[in-house]
Amino acid sequence: MALIECPVCRKRMSSKAPVCPHCQASTNGDNESLSRISHIQKSSSLMNQSFVAMTLFIAGVVIWFWGGEPAEGMRANIAGICFVFGFVGYLITRVRIVLHKRKSV
Ligand SMILES: [Zn+2]
């Protein structure tokens with residue numbers, strides 16, 4: 001059994017349920033492919049998030065070392081924010097991807 005997104009109200013429901021428990025929409029018994037589609041969509045959105053986080057991280061590093069001198073003042077703040085958010089965001093996204101991949105489809 002897997003959790004899928006209801007195609008109508010976007011709430012989580014069981015792939016085995018014939019109708020959505022939230023909005024009573026029928027899923028036409030096509031839950032397996034719905035579940036697969038929702039899994040693939042989730043995977044690609046997680047990949048996008050990790051790409052954005054990685055870009056932010058690299059941007060932070062580039063801003064920090066721009067011009068070959070240590071960043072100061074405003075530039076250091078901007079670089080630090082990019083660096084920390086990118087790094088933490090990337091770690092969180094990686095963990096979510098691993099957890100997501102463990103779920104069987
Ligand atoms: Zn629903």
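Whatever order the structure lists ligands and atoms in, that order sets their numbers, starting from 1.
When rounded to 10 degrees, the angle formed at the Zn ion (ligand 1) by SG (Cys23) and SG (Cys9) equals 110°. Geometry at the Zn ion (ligand 1): SG/Cys20 and SG/Cys6 form an angle of 110°, nearest 10 degrees.
Within the 4.5 Å cutoff, the side chain of Cys20 has no heavy atoms near those of the Val8 side chain.
For Arg10, the salt bridge (charged side-chain N to carboxylate O under 4.0 Å, His left out) partners two or more places apart in sequence, or in a different chain, are Glu5.
Closest of all the heavy-atom pairs between Thr93 and Leu46 is CG2-O, 3.2 Å.
Put simply, His22 stays out of reach of the Zn ion (ligand 1), with no N, O or S atom under 2.8 Å from it.
Following chains of ILVMFWY side-chain contacts shorter than 4.5 Å, one cannot reach Val52 starting from Ile58, and the two form parts of different hydrophobic clusters.
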